[in-house]
Amino acid sequence: MSNMKPNRILVTSALPYINGVKHMGNLAGSMLPADVYSRAMRLMGHEVLYICATDEHGTPAELAAAEAGLSVSDYCDKMHNAQKAAGADFKLSYDYFGRSSSDATHRLTQDFALDLETNGFIEERTSQQVYSIADGRYLPDRYVEGTCPNCDFEAARGDQCDNCGKLLDPIDLINPYSAVSGSHDVEIRETNHLYLKQSEMSGRLRDWVESHRADWPALTTSIAMKWLDEGLRDRAITRDLTWGVPVLGADGNVREGFEGKVFYVWFDAPIAYIGATQDWAKATGGDWEAYWRTDKGANDTRYVQFMGKDNVAFHTLSFPTTILGSAQPWKLVDELKAFNWVTWYGGKFSTSQKRGVFMDQAIDIAPSDYWRWHLMANAPESSDAAFTWEDFQANINSDLANVLGNFVNRITSYCVKKFVGAVPDGGIITDAEKWIEAELDMRLPQLVKYYEAREFRKAMAETRAIWAAGNEYLTQAAPWTHYKTDVDQAAMGVRVGLNLVALFGVLAQPIIPDAAKKILDAMNIPEENRTWTFRGAGACLNALPIGLNISAPPVLFTKIETDDIEAWTERFGGEG
RNA sequence: GGUGGGGUAGCUCAGCUGGUUAGAGCGCAGGACUCAUAAUCCUGAGGUCGAGAGUUCAAGUCUCUCUCCCACUACCA
C-alpha cells in the first residue's frame with residue numbers, strides 16, 4: 001500500500017552527549033521518533049539503516065569524569081554502556097550504536113579537516129582565551145565567571161550575564177575566576193586555532209536550504225535561514241583540550257603548534273554518523289559506502305535526520321559546510337525532522353539540574369511501550385509540548401488499555417470461550433463488515449502517508465482511530481447477540497474481529513513493539529506475515545486461515561492508578 | 001535587544017494555497033449494550049478562533065499595531 005518504491009534509507013538521530021543518561025525530552029525529540037520511523041519503513045519493505053552514537057568529546061565529559069573520579073576514557077566507556085542499555089530498555093532499534101571516540105571517526109575527522117584546508121575552507125587564526133593556572137586548562141566561555149562589565153553582577157558567566165542578559169566575551173569580565181575550581185588564578189593567553197570558513201559557504205548553503213523549503217518542516221528551514229540572514233560567522237573548530245580528536249598535519253603527525261589541542265566536538269560529532277556507519281560495516285560486513293558516498297550508490301539512498309531544534313544549525317549549516325567544503329562525494333541530508341521541547345511543569349527538562357524524568361528512572365515506573373506511545377502521541381512537532389502525569393495516565397488508560405488492550409481481550413477471550421480458540425468459518429457479509437472494510441480502506445493509506453511524512457502525532461491519532469473502529473465494528477456486528485440464534489453469523493463477527501486483532505498488532509509494531517509482539521504471538525502470526533503489505537482491507541479481514549488456533553493474551557496494559565501518579569509526582573517533584 | 005515558534009471548546013491539539021452551520025481526542029452529561037481491563041458504542045452540551053484595526057463579496061486562514069507564553073542567540077552540548 002505504500003506509494004514509495006522500496007528504498008534504501010539512512011536514518012540518524014542526534015548524538016546523545018555522554019555525560020549522563022538522557023531525559024524523556026531527549027528521547028522524545030530524536031531517538032524515539034527516529035526509531036518509530038525506522039521501524040515503520042522496515043515494515044514497508046525499505047532497506048533501513050538506523051545509526052546513532054554517543055557524543056563523547058568536549059569539556060563537560062572531562063569535568064564529569066573528574067567528578068566521578070574516573071579517567072575520561074573509563075568514564076566514557078561506562079556512560080556509553082549505560083546509554084546503550086537505556087536505549088535497549090526503550091527498544092530503540094539501532095542498527096548500530098557507535099561512539100564518536102572510535103578510530104573511524106578520528107580518522108574521518110582528520111581527513112575532512114585536511115580536505116577542507118586544501119580547498120581553502122580552513123584557516124589558522126589566533127584568539128584570546130582564558131587559561132586557569134590552578135585547573136591547568138583553558139576554560140570555555142561558560143566556565144569562566146566574574147563581574148559583569150555592564151551591570152556589576154558578580155556571578156556573570158563568560159558568555160552571557162544572567163542578571164542583565166548582555167552577551168559577553170569572557171576576556172571582558174572583571175575579576176574573572178574559574179567556574180570549575182573557583183580559582184582566581186587565571187590569565188588571558190593567545191592561542192592558535194583552526195577556523196571553518198562558513199561565511200564563504202553561505203551562498204551554496206542558502207541555495208540548498210531554499211531548495212528544501214517545500215519538503216522540510218518550517219521549524220527546520222526557519223532556523224537555518226535565520227542564521228544565514230544574520231550572516232554566517234567563521235567558527236573555531238579546535239579547542240585547547242586533550243580529550244578528543246588530535247589535529248594532524250598533512251604528514252600524518254600532530255600539526256605544528258597543535259599539541260594539546262583537539263577538534264571541537266561539533267566538528268567531529270556529525271562526522272561520527274559516518275564513522276559509526278563504518279564501524280557498523282566492519283561489524284556486520286555491510287556496505288557503508290552505499291549510504292555515504294554518492295559515487296558508490298548513496299545517490300539512491302534517502303538520508304533522514306532527527307534532532308531537537310537546538311541542533312538544527314549544526315545540521316543545516318556547519319556539517320553541510322564540512323561536507324560541501326571537502327569537495328568529496330559525501331552524502332548530504334535529504335530530510336531533516338526537527339522537534340521542539342517536551343516541557344516539564346513549566347520549565348525545560350534539565351540534565352544538570354536533574355529536573356524531570358530520565359530514561360533509567362522512567363523504565364523503572366512504567367513499561368517502555370507506555371512511554372513510547374505517550375511521547376509519540378504528544379510529540380512536540382509544532383511547538384513545545386507539556387508533559388504532565390495526568391495526561392500520561394489519561395493517554396495510557398484510554399488509548400492503550402481501553403481502546404486497544406480491551407479490544408484484543410474481549411474478542412480473543414470470547415473466541416476461546418465460544419469457538420474453542422480457533423478462527424471460525426461461516427456467516428454472511430452484512431453492513432457491519434462493509435462498514436469496517438470501507439473504514440480501513442480509507443484509514444490505512446492515510447496512516448502510511450503520515451508515517452512517510454514523519455507526522456507522528458497524526459500517525460498516532462490515525463492508529464488510535466483504527467483501533468477504535470474495531471470496537472465500533474464489534475458493537476455493530478454484536479456476535480454475542482447472534483450467537484443465541486445464529487452461530488454462523490456470530491462466527492463472522494468473531495472471525496473479522498480476530499483478523500482486526502492481528503491487523504492492530506501489525507500496525508502497533510513501530511510504536512509499541514512489546515505489546516505488538518504479544519498480540520501477534522497470541523494470534524500465531526508467523527514473522528514473515530507481520531510486514532506492512534496491505535492489499536486492501538478485504539484481504540486484511542480474511543488473512544487468518546480458518547481453524548487457526550489463537551489464544552487470549554494476558555492483560556496487555558495494566559492501568560495507571562491515581563495513586564501511582566501521586567507517588568510519581570511526589571518522587572519527581574512534578575509540581576515544581 | 002534580535003530572530004523564530006505559539007496563543008483555536010475545561011485540558012492537549014488539527015485546521016494546506018482565505019469560501020457552506022470551526023474539527024479530533026480526553027474530560028463532562030444523557031442513552032445503548034453486556035463479549036471485555038466498570039471496558040465499549042451512540043448522542044449531546046461547550047468556542048465573539050489572544051486584543052484592536054485594515055484588505056476582501058468573503059478571514060481562524062492575508063496585512064499592520066498591541067499583548068502574553070516558549071525557544072534560540074554559535075566556541076557546554
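As the structure is a computational prediction, the values presented were derived from the model and not from experiment. Below, chain A is the first sequence line, B the second, and so on; all start at residue 1.
B:rG47 and B:rG23 are spaced 14 Å apart, taking the P atom of each and rounding to whole Å. Annotation: B:rU12 and B:rU73 have their P atoms spaced 27 Å apart (nearest Å). As rounded to the nearest Å, B:rG4 and B:rG19 have C1' atoms that lie 31 Å from one another. Straight-line distance between the C1' atoms of B:rC28 and B:rA71: roughly 35 Å, to the nearest whole Å. Comparing the P positions of B:rC16 and B:rC76 gives an interatomic distance of 40 Å, to the nearest angstrom. A distance of about 15 Å separates the C1' atoms of B:rG54 and B:rG18, rounded to the whole Å. For the P atoms, the distance linking B:rU61 with B:rG52 amounts to 13 Å, nearest Å. The C1' atoms of B:rC62 and B:rC68 are separated by 23 Å, rounded to the nearest whole Å.
Note: A:Tyr273 and A:His315 have tilted aromatic rings, judged against thresholds of 30 and 60 degrees for the angle between ring planes. Relative orientation of the A:Phe557 and A:Tyr370 rings is tilted, given thresholds of 30° and 60° on the angle between their planes. The aromatic rings of A:Tyr483 and A:Phe419 stand perpendicular to each other, their planes meeting at an angle above 60°, with 30° marking the opposite boundary.
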>> Both atom distances under 3.5 Å, Watson-Crick or G-U wobble: I'd like the secondary structure of RNA chain B as a dot-bracket string, with | for pairs made across strands.
In response: (((((((..((((.....[...)))).(((((.......))))).....(((((..]....))))))))))))....

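Between the side chain of A:Asn409 and the base of B:rA36, no donor-acceptor pair under 3.5 Å is found. Residue A:Arg239 places a side-chain atom within donor-acceptor reach of the base of B:rC75, judged by atom type and a 3.5 Å distance cut-off alone.
Along RNA chain B, the nucleotide closest to A:Asn471 and the one closest to A:Asp399 are compared, and the more 5′ of them pairs with A:Asp399.
Within the 4.0 Å cut-off from OP1 or OP2 of B:rA39, at least one side-chain nitrogen or oxygen of A:Lys559 is found. The phosphate of B:rG15 (OP1 or OP2) has a side-chain N or O of A:Lys458 nearer than 4.0 angstrom.
Ring-centre distance between A:His57 and A:Phe263: not below the 6.0 Å cut-off.
Residue A:Val555 is in base contact, counting any heavy-atom pair closer than 4.0 Å across all strands shown.
Considering only the side chain of A:Arg235, B:rC75 comes nearest among B:rU12, B:rC75, B:rC26. Candidate nucleotides B:rU37, B:rU40, B:rA77 were compared by shortest atom distance to the side chain of A:Thr475, and B:rU40 ranks first.
Lacking a ring centre under 5.5 Å from that of the base six-membered ring together with a plane angle below 30°, A:Tyr414 does not count as stacked on B:rC35.
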